[in-house]
S.K.: 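The structure under discussion is supplied below as structure tokens; questions concerning it will follow.
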Amino acid sequence: MSQRVVITGKGIISSLADQADTLHNALCAGQCGLGSIGLFETQHMGGEVPSFDARAYLGDGNLRPLDRIAQLAASAAHLALEDSNWTTEMRAEQDVGIVLGTVFSSVHTIGTFDQLAIRRGPRFVKPLDFANTVINAATGQTAIWHNLRGINSTLSTGASSGLQAIGYASDLIRSGRISMLLAGGAEELCFETLFGFERAKLLGKRVESAVPFDAGRTGLIVGEGAAFVMLEDAEKAQARGASIIGEIRGYGTAFDPHRGQDADKLGMAMGMAIRAALAHSKLNIEDIDCISASACGSPMGDRCEAEAIAAVFGNQTASLPITAIKSALGETLGASGALQSVALVEHMHHGVLPGICGFKALEDGLYLPMAKKENCTIPMQNGLVLSFGLDGNMCALVLSKA
Amino acid sequence: MKRVVITGIGAFTSIGTGCQDFWKALLSGQSGISPVESFDTSKYAVHVGGEIKAFSPASYIKTLEAQKIGRTSQLGIAAAKLALEDAQVDMAALDLTRAAISMGTTSGEPNQIEQFDDYFVADNLQAAGDEMLTLYPCHHIAAYMAAELQFMGRNTMIPAACAAGTYAISHAFDMLRLGQADLALAGGADSFSRITYSGFAQLKAIAPERCQPFDKNRKGMIPAEGAGVLVLEPLERALARNARIYAEIAGCGLSCDAFHMTGGHPEEAGSVKAMENALFESGVQREEISYISAHGTGTPTNDMHETRAVKKVFGNRSGQVPISSIKSMLGHTMGAASAIETAVCALAAYTDRIPPTINLDESDPECDLDYVPNEAREHKVFAAMNNAYAFGGVNASLIVKKFKDAC
């Protein structure tokens with residue numbers, strides 16, 4: 001067993017694209033995946049995956065047992081398995097694992113199941129739906145669909161779930177418990193989730209309200225999607241002749257016990273997570289060539305993040321390219337950190353970091369000169385992905401280009 | 001990698017709280033099954049559950065406002081406080097930035113979505129509270145525990161259904177052996193859920209009166225609630241502070257059937273693999289396993305398949321290993337179950353006593369192993385294995401062994 005964990009494949013389903021290079025091009029062209037929602041009745045904007053049809057990825061099998069989040073996850077998993085060349089035959093012989101990060105999971109299925117019990121009585125509920133009322137249903141369904149018999153785990157840490165799932169999965173390889181697994185996250189757009197954000201008064205009214213670090217931001221737009229990377233023990237990946245596209249150098253986390261009630265404490269936890277990720281990666285701040293920020297258009301959250309980055313990187317902040325993709329894809333919660341990771345690997349491969357979609361002017365008083373609308377063409381070897389839950393959990397992860 | 005030991009146990013269950021009361025209740029074979037009170041069961045064919053009837057969250061929750069957080073979080077905090085007290089952890093000497101929490105759950109805070117559903121069906125969502133975002137998602141359980149205790153280290157929730165407790169403990173085990181934390185609270189919690197009850201009732205999986213694992217006339221599982229939290233530390237830290245060590249975590253095995261969402265694999269492929277992987281990772285020999293805490297739900301199929309899986313792994317020794325299911329007493333505490341059962345394995349290794357499988361009246365020819373029927377037993381326990389199986393085809397086996405200073 002080596003201590004190195006490499007990325008051998010990637011798969012995404014997002015409101016802008018279902019291929020990493022198409023997503024990269026769309027982000028570089030300033031395209032936005034946000035708009036009105038067609039899935040259910042609402043006045044709110046969202047980042048819906050337009051006319052999503054899982055059959056395009058999963059074929060004509062019986063998709064009925066899979067709810068929307070399971071279909072999003074299984075589709076992204078299909079793309080990642082294909083990209084990493086883990087064929088059906090290979091999966092029949094070896095146990096591939098999966099770690100899925102999610103926040104609301106199958107909340108819509110869970111609610112619908114219970115509502116039927118209230119309306120018609122408990123004897124009318126559907127057993128098929130009951131299977132999907134556990135929070136790990138999408139992970140289980142994805143494993144059944146793709147015959148993944150290794151470790152099957154689901155991680156919930158709030159908005160950082162997808163990124164922390166990748167970190168957790170890399171530890172499962174480092175501890176020697178498994179050699180290969182899919183790691184990422186998924187989230188579906190649904191009424192229940194939007195209701196929660198609406199009541200918490202965190203939503204931006206218009207698409208333009210949710211631009212990271214922008215002076216005019218007022219709140220986030222909720223999105224959906226799924227993303228996986230295939231992680232493998234480096235030696236075993238090389239031995240099977242896999243094409244290696246990146247490496248997980250390390251990750252760090254921190255928890256803010258004040259849970260976002262105190263901006264200073266929130267920023268401090270963000271900085272702690274970044275420093276922990278650098279230490280775990282055995283890298284210095286000078287080794288970091290770019291950042292994919294967590295910022296989602298939250299007035300306080302984005303400010304704390306900018307301050308945390310400046311606190312850790314000091315003068316280097318002036319020349320450190322930074323992107324933030326949530327004004328293009330929305331706050332995709334459990335999927336967000338995984339989507340950022342796949343996108344950043346692609347940005348580093350192309351040597352172009354996309355500008356921030358819709359960015360007009362940096363908020364007064366923030367020191368983040370590289371936050372801008374324009375793309376940045378620059379060689380990038382090591383990238384830092386940030387995924388911060390404003391209710392407590394901070395995660396930072398360092399990726400390297402192959 | 002570092003060795004990891006269990007130095008504290010906090011259980012919050014229908015038959016007892018804390019470590020000693022709970023253990024005493026288990027050894028004396030108490031049942032925590034009673035008529036369901038948290039919702040109206042008149043439209044159901046079954047009416048019993050394993051609810052915790054006397055729980056005053058405010059006596060445990062001091063930093064936060066107890067009434068402003070969900071019941072599962074409340075149970076998690078109560079169990080965490082009991083575990084820290086049991087471990088006699090000096091909080092002032094603890095580096096809070098390296099104090100971690102890893103918890104498991106099946107349903108998180110189901111009461112929150114159930115309340116939403118009531119308002120939704122009544123077409124009265126205006127009257128619903130504002131807490132869907134701040135109380136419902138399951139990561140709040142570990143987060144509120146950390147907020148109460150001011151823990152700033154790694155904080156994770158692993159919703160791996162009824163194997164969640166073991167998955168969460170294995171995650172904490174990894175954090176500690178990889179040097180990512182100094183101390184971890186690890187376990188599982190679930191509160192009594194109408195949704196879970198409706199589902200199992202519809203599957204006709206709930207027993208009408210008693211939970212009778214491995215009995216010939218067993219009629220099913222009984223949904224329950226509870227929380228179990230362990231204090232885990234690297235061995236050198238535990239020794240340095242002269243802590244009582246219940247047992248050492250030897251290793252675990254995690255697998256997935258990838259076969260069926262709610263039923264097990266017909267050939268027990270995944271459950272066998274989980275046990276074998278746990279033996280391999282821990283380096284413990286089959287002959288050294290002297291107790292198995294069964295998943296033992298009391299459903300006809302689970303108990304039969306689990307018996308077969310044990311036979312496949314332990315061969316002609318399988319009849320000599322005492323196996324018991326504490327679900328006969330507690331019912332199925334869902335995401336908390338395998339955490340509480342890991343605590344039971346640690347206590348068995350520490351005290352050389354094994355809790356019984358109660359309600360075992362008539363043996364089943366298909367379940368013909370030693371299930372420690374009805375009476376606790378004194379038995380030298382060198383290493384104990386805990387098995388857990390879950391929706392999603394998730395399997396987990398974890399081995400703890402009696403602590404000996406020399407490796």
Side-chain angles (χ1 to χ4, degrees), chain A residues 65 95 103-105 107 110-111 113-115 117-119 121-123 125 127 130-131 133-137 139-141 143-144 147-158 161 164 168 171-172 174-175 177 192 195-197 199-200 202 253-259 269 272 391-393, chain B residues 1 43-44 97 105-108 113-114 116-118 120-121 125 130 132-134 136-139 143 146-147 150-161 167 171 174-175 177-178 194-196 198-199 201-203 254-262 270 273 281 390-394:
Chain A
D95 295 345
V103 177
F104 276 95
S105 179
V107 62
I110 296 168
F113 173 88
D114 189 39
Q115 287 154 21
I118 301 168
R119 281 205 182 93
R123 294 176 201 221
V125 298
F130 179 50
T133 64
V134 288
I135 301 169
N136 60 323
T139 326
Q141 296 284 14
I144 291 171
N147 194 20
L148 308 175
R149 300 181 314 277
I151 292 171
N152 186 284
S153 197
T154 308
L155 192 75
S156 290
T157 60
S161 299
Q164 201 161 322
Y168 165 37
D171 279 346
L172 289 170
R174 284 195 182 92
S175 68
R177 193 169 287 139
E192 290 77 4
F195 175 81
F197 276 96
R199 286 300 183 90
L202 292 173
T253 65
F255 185 79
D256 166 24
H258 300 271
R259 307 204 68 196
M272 266 176 60
D391 57 2
N393 262 307
Chain B
M1 285 188 280
K43 288 182 181 162
Y44 294 77
T97 65
T105 190
T106 294
S107 300
I113 187 75
E114 287 163 10
F116 169 90
D117 292 333
D118 286 331
F120 185 85
V121 171
L125 267 188
D130 293 337
M132 179 67 102
L133 186 69
T134 52
Y136 173 66
C138 73
H139 70 273
Q150 299 290 300
F151 278 21
M152 289 177 269
R154 184 151 300 158
N155 187 281
T156 60
M157 205 67 209
I158 300 186
Y167 263 74
H171 184 40
D174 282 352
M175 284 178 215
R177 64 183 180 150
L178 291 171
R194 177 175 80 199
I195 294 171
T196 301
S198 300
Q202 187 70 334
L203 294 179
L254 312 171
S255 76
C256 181
D257 290 338
F259 179 77
H260 194 275
M261 276 302 282
T262 58
K273 196 185 298 162
E281 184 178 291
F391 274 21
V394 179

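Atoms considered below: every heavy atom in the structure, side chains included; atoms not considered: hydrogens, waters and symmetry mates. Every chain is numbered from 1, with letters handed out A, B, ... down the list of sequences.
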S.K.: Given a strict heavy-atom distance threshold of 4.5 Å, which part of Ile110(A) is in contact with chain B: side chain, backbone, both, or neither?
M.R.: both
S.K.: Could you give me the CA-CA distance, side-chain angles and deciding distance for Asn152(A) and Tyr167(B), then say whether side chain to side chain contact (heavy atoms under 4.5 Å, CB included) is met?
M.R.: CA-CA 9 Å; Asn152(A) 186 284; Tyr167(B) 263 74; 4.3 Å; yes
S.K.: In Å and rounded to the nearest 0.5 Å, what is the OG1 to CZ distance from Thr133(A) to Phe391(B)?
M.R.: 6.5 Å
S.K.: Could you tell me the separation between the CG atom of Asp117(B) and the CZ atom of Arg119(A), rounded to the nearest 0.5 Å?
M.R.: 9.0 Å
S.K.: So, do His139(B) and Val103(A) sit near enough that their side-chain heavy atoms are less than 4.5 Å apart?
M.R.: yes
S.K.: Answer whether the closest heavy-atom distance between the side chains of Leu178(B) and Asp171(A) falls below 4.5 Å.
M.R.: yes
S.K.: Below 4.5 Å, heavy-atom pairs only: which of Gly158(A), Ala131(A), Pro122(A) has the largest tally toward chain B?
M.R.: Pro122(A)
S.K.: With a 4.5 angstrom heavy-atom cut-off, could you sort out which part of Asp95(A) is near chain B: side chain, backbone, both or neither?
M.R.: side chain
S.K.: How close do Ser198(B) and Val125(A) get, heavy atom to heavy atom, and via which atoms?
M.R.: O-CG2, 4.0 Å
S.K.: A side-chain contact here means heavy atoms from C-beta on lying under 4.5 Å apart; do Thr156(B) and Tyr168(A) qualify?
M.R.: no
S.K.: Holding to side chain to side chain donor-acceptor pair (under 3.5 Å), I want the full list of residues that pass it with Ser156(A), two or more places apart in sequence or in another chain.
M.R.: none
S.K.: Using side-chain heavy atoms (C-beta onward) and a distance below 4.5 Å, is Arg259(A) in contact with Thr134(B)?
M.R.: no
S.K.: What distance separates Arg154(B) CZ from Thr253(A) OG1, expressed to the nearest 0.5 Å?
M.R.: 4.0 Å
S.K.: Under 4.5 Å from any heavy atom of chain A, what part of Phe259(B) do you find: side chain, backbone, both or neither?
M.R.: backbone
S.K.: With heavy-atom distances below 4.5 Å as the criterion, would you say the side chains of Leu155(A) and Ile158(B) are in contact?
M.R.: yes
S.K.: Which answer fits Ala137(A), side chain, backbone, both or neither, if we ask what part of it has an atom under 4.5 Å from a heavy atom of chain B?
M.R.: both
S.K.: Starting at CE of Met1(B), measure out to OG of Ser175(A) and round the result to the nearest 0.5 Å.
M.R.: 6.0 Å
S.K.: Are any non-hydrogen side-chain atoms of Gln115(A) and Phe116(B) less than 4.5 angstrom apart?
M.R.: yes
S.K.: For residues Glu192(A) and Met132(B), report the shortest heavy-atom separation together with the two atoms involved.
M.R.: O-CG, 3.7 Å
S.K.: Given heavy-atom pairs under 4.5 angstrom as the criterion, report whether the side chain, backbone, both or neither of Thr157(A) touches chain B.
M.R.: both
S.K.: Going from OH on Tyr136(B) to CZ on Phe195(A), what distance comes out if it is rounded to the nearest 0.5 angstrom?
M.R.: 14.0 Å
S.K.: Let me know if Glu281(B) has heavy atoms under 4.5 Å from chain A in its side chain, its backbone, both or neither.
M.R.: side chain
S.K.: Rounded to the nearest 0.5 Å, what separates atom OG1 in Thr196(B) from atom CZ in Phe130(A)?
M.R.: 5.5 Å
S.K.: Mind ranking Ser153(A), Ala200(A), Ala117(A) by heavy-atom pairs under 4.5 Å with chain B and telling me who comes out on top?
M.R.: Ser153(A)
S.K.: Given the options Gly392(B), Gly108(B), Pro137(B), which has more heavy-atom pairs under 4.5 Å with chain A than any of the others?
M.R.: Pro137(B)
S.K.: Which residue out of Thr139(A), Val107(A), Leu202(A) racks up the most heavy-atom pairs below 4.5 Å with chain B?
M.R.: Val107(A)
S.K.: Are side-chain heavy atoms of Ile135(A) and Met157(B) found at a separation under 4.5 Å?
M.R.: no
S.K.: Give, as side chain, backbone, both or neither, the part of Gln141(A) having an atom under 4.5 angstrom from any heavy atom of chain B.
M.R.: both
S.K.: Taking side chain as everything from C-beta outward and backbone as N, CA, C, O, which of these in Ala201(B) sits under 4.5 Å from a heavy atom of chain A? Side chain, backbone, both or neither.
M.R.: neither
S.K.: Under a 4.5 Å cutoff for heavy-atom pairs, which residue among Leu254(B), Thr97(B), Thr105(B) has the most contacts with chain A?
M.R.: Leu254(B)
S.K.: Considering all heavy atoms of both residues, which atom of Ala161(B) and which atom of Asn136(A) are nearest to each other, and what is their separation?
M.R.: CB-OD1, 3.6 Å
S.K.: Could you tell me whether the side chain of Arg199(A) and the main chain of Leu133(B) form a donor-acceptor pair under 3.5 Å?
M.R.: no
S.K.: Using non-hydrogen atoms and a 4.5 Å limit, figure out which bit of Val121(B) sits close to chain A: side chain, backbone, both or neither.
M.R.: both
S.K.: Using non-hydrogen atoms and a 4.5 Å limit, figure out which bit of Thr106(B) sits close to chain A: side chain, backbone, both or neither.
M.R.: both
S.K.: Highest number of heavy-atom pairs under 4.5 Å with chain B: which of Gly121(A), Gly150(A), Ser105(A)?
M.R.: Gly150(A)
S.K.: For Ile113(B) and Asp114(A), run side chain to side chain contact (heavy atoms under 4.5 Å, CB included): C-alpha distance rounded to whole Å, both residues' side-chain angles, the deciding distance at 0.1 Å, then the answer.
M.R.: CA-CA 9 Å; Ile113(B) 187 75; Asp114(A) 189 39; 5.8 Å; no
S.K.: Holding to side chain to side chain donor-acceptor pair (under 3.5 Å), I want the full list of residues that pass it with Gln202(B), two or more places apart in sequence or in another chain.
M.R.: none
S.K.: If you count heavy-atom pairs under 4.5 Å with chain A, which of Ala390(B), Gly199(B), Ala160(B) comes out on top?
M.R.: Gly199(B)
S.K.: Closer than 3.5 angstrom, by distance alone: can the side chain of Asp174(B) be matched with the main-chain N or O of Leu172(A) as a donor-acceptor pair?
M.R.: no
S.K.: Please report the shortest heavy-atom distance between Met152(B) and Pro257(A), naming the atom on each side.
M.R.: CG-CD, 3.5 Å
S.K.: Please rank Gly393(B), Ser255(B), Ala143(B) by heavy-atom pairs under 4.5 Å with chain A and give me the top one.
M.R.: Ala143(B)
S.K.: Please classify the contact between Asn147(A) and chain B as side chain, backbone, both or neither, with a heavy-atom cut-off of under 4.5 Å.
M.R.: both
